[in-house]
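This chain uses plain numbering: 1 for the first residue, then up along the sequence.
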Amino acid sequence: MLNSNTSALGVIFPNSYDSLIPELVNVRLMASIPFASRYRLIDFILSSMANCGISNISVMVNNNYHSLMDHLDSGREWDLVRKNGGLNIFPPYAEKESKRFTGRIAGLASILNFLRDQKEKYVVLADTNTVVNFDFNAMLKAHMESGADVTVAYNSQELPESLRKSPSNDQCLYYTFDIEDGRITRLYVNSKKEGIQNFSMNIYLLERELLIDLVNTAFLHGKEYFERDILLPQLNKLNVQGYKYENYIARICDVKSYFDENMKLLDDYNLDSLFSGNPIYTKIRDDNPTRYIQDSKIQNVMVADGCIIEGEVENSVIFRGVKIAKGAKVKNCILMQDTIVEPGAEIEYLITDKNVKITAGKEMKGTDTHPVYISKYQEV
């Protein structure tokens with residue numbers, strides 16, 4: 001665990017990459033998108049920080065943050081109800097300096113006074129579009145041993161096709177880089193290269209005093225993005241080290257990747273890879289165990305509590321409170337909280353948001369390459 005001499009505080013940016021998945025962030029932000037039958041995306045990075053002893057965590061919300069604040073509440077589930085530190089949520093316009101922002105620089109600039117008042121030596125910056133069970137202690141150890149100014153977490157993979165083919169714009173920046181002897185020598189913004197790349201996980205670790213200096217200078221010069229406007233121009237000056245992450249990771253880049261990454265967890269190997277380490281915490285919803293009524297048929301599913309299943313369900317991820325009536329058939333679907341599938345309905349390759357109702361006898365089918373999304377509170 002992090003100790004008093006090498007302690008770190010966390011700063012999470014929950015709105016980053018909202019533009020990648022507009023369907024699901026219409027009434028929420030990226031961080032509060034439901035995932036893996038009972039979690040939200042922020043649960044993974046927040047639990048990883050808490051498990052590693054980071055007990056002073058700030059969440060820099062920008063817009064559409066009501067559902068996230070409801071989910072996080074006081075932070076009790078993550079043991080973040082503390083006299084000192086704990087969970088801090090910074091909404092825009094909460095203070096004179098606090099405004100809506102695009103990149104990390106303006107967001108961090110709005111809390112510089114807060115950062116100056118903290119006692120932790122290090123700061124961890126992170127987004128929420130990656131699902132990981134991350135060991136920040138190992139990253140901090142590597143950071144200290146390397147003598148780095150900044151350490152960047154990355155993994156090696158092919159760039160998602162949806163990113164490579166998307167037009168480059170300031171609303172969606174992603175980063176790859178070249179590494180020599182552990183040091184990042186070149187950083188690419190929105191690369192279109194094919195093949196295996198060193199793909200940034202948007203997790204950064206550096207000393208708090210250095211962060212304050214870098215952000216203050218960049219903000220005064222009208223800069224926006226930490227990676228593009230601070231790291232990229234100073235790669236020769238700053239010792240920016242890469243920290244390779246080789247465990248399970250899921251990236252949410254569009255609706256298709258959201259569907260695929262949920263479905264991958266139906267494979268026990270992937271499920272164990274993600275959840276077999278430190279526990280992942282989430283908001284508790286007291287509910288009854290799921291009931292499987294006589295004659296129901298279940299095959300290869302992930303089901304949360306509070307559900308009632310009377311029909312047939314195959315290869316699907318089912319969230320809390322879902323009701324699947326007798327005679328209904330559900331295959332290759334993601335059904336979010338309190339979805340109702342009435343008798344005789346047949347659905348395949350659907351993503352239903354919360355409180356959706358599929359009426360009796362209705363047949364709806366998407367495809368594995370284009371799952372159909374039904375928005376919150378809709379009845380079809």
Quick one: are the ring centres of [X] and [Y] less than 6.0 Å apart?
X    : Y    : result
F136 : Y122 : no
Y243 : Y245 : no
F114 : F90  : yes

Indicate yes or no: at least one non-hydrogen side-chain atom of [X] is less than 4.5 angstrom from one of [Y].
X    : Y    : answer
I347 : K365 : no
Q197 : Y154 : no
L20  : L163 : yes
V150 : L205 : no

Step through the shown structure and confirm whether more than 12 heavy atoms of other residues, nucleotides or ligands are within 6.0 Å of [atom1] on [X].
X    : atom1 : result
K376 : NZ    : yes
R186 : CZ    : no
Q157 : CD    : yes
K256 : NZ    : yes

Are any of the side-chain nitrogens in [X] or [Y] under 4.0 Å away from the carboxylate oxygens of its partner?
X    : Y    : value
E261 : K264 : yes
D79  : R76  : no
R183 : D181 : no
D368 : K331 : no
D70  : K283 : yes

Just checking, any donor-acceptor pair under 3.5 angstrom between side chains of [X] and [Y]?
X    : Y    : result
N56  : Q118 : yes
Q241 : N239 : yes
D178 : Y188 : yes

Open item on the list: Does the Lys NZ or Arg CZ of R251 fall within the cation-pi geometry relative to Y17 - under 6.0 Å from the ring centre and within 45° of the axis?
Closed with: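 Checked: cation-pi criterion not met.
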
- Message: Tell me whether R104 forms a cation-pi arrangement with F13, defined as NZ or CZ under 6.0 Å from the six-membered ring centre and within 45 degrees of its axis.
- Response: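 Pair R104/F13 counts as cation-pi.
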
inquiry  = In terms of relative ring orientation, are F199 and Y174 parallel, tilted or perpendicular, with 30° and 60° separating the classes?
reply    = perpendicular

Item checked: Shortest non-hydrogen contact between V61 and P14, atoms and distance ->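 Closest pair (atom of V61, atom of P14, distance): CG1-CG, 3.8 Å.
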
Nearest heavy-atom approach of A109 to V215 is N-CG1, 3.7 Å

Item to check | Criterion side chain to side chain contact (heavy atoms under 4.5 Å, CB included) against Y258, the qualifying member of L24, N129, L41 | outcome: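 Answer after filtering L24, N129, L41: L24.
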
Q) In Å and rounded to the nearest 0.5 Å, what is the OG to CG distance from S316 to N262? A)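 S316 atom OG to N262 atom CG measures 11.0 Å (nearest 0.5 Å).
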
How long is the span from the OH atom in Y248 to the OG atom in S276, to the nearest 0.5 Å?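 If I round to the nearest 0.5 Å, the distance is 12.0 Å.
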
Residues at least two apart in sequence or cross-chain that pass ring pair (Phe, Tyr, Trp, His ring centres under 6.0 Å) with Y204, listed by chain then number, are F226

Quiz item: Should D254 and S257 be marked as a side-chain hydrogen bond (donor to acceptor under 3.5 Å, both in side chains) after you check the CA-CA gap, both sets of side-chain angles, and the distance that decides it?
Solution: CA-CA 5 Å; D254 56 6; S257 64; 2.9 Å; yes

Exercise for review: List the steps, then state whether side-chain hydrogen bond (donor to acceptor under 3.5 Å, both in side chains) holds for T176 with N198.
Suggested key: CA-CA 5 Å; T176 58; N198 296 320; over 6 Å; no

- Task: Measure from the side-chain N and O atoms of N15 to the backbone N and O of N62, and report whether any donor-acceptor pair falls under 3.5 Å.
- Result: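 Pair found, side chain donor or acceptor close to backbone of N62.
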
R320 meets the salt bridge (Lys or Arg N to Asp or Glu O under 4.0 Å) criterion, sequence neighbours left out, with D305

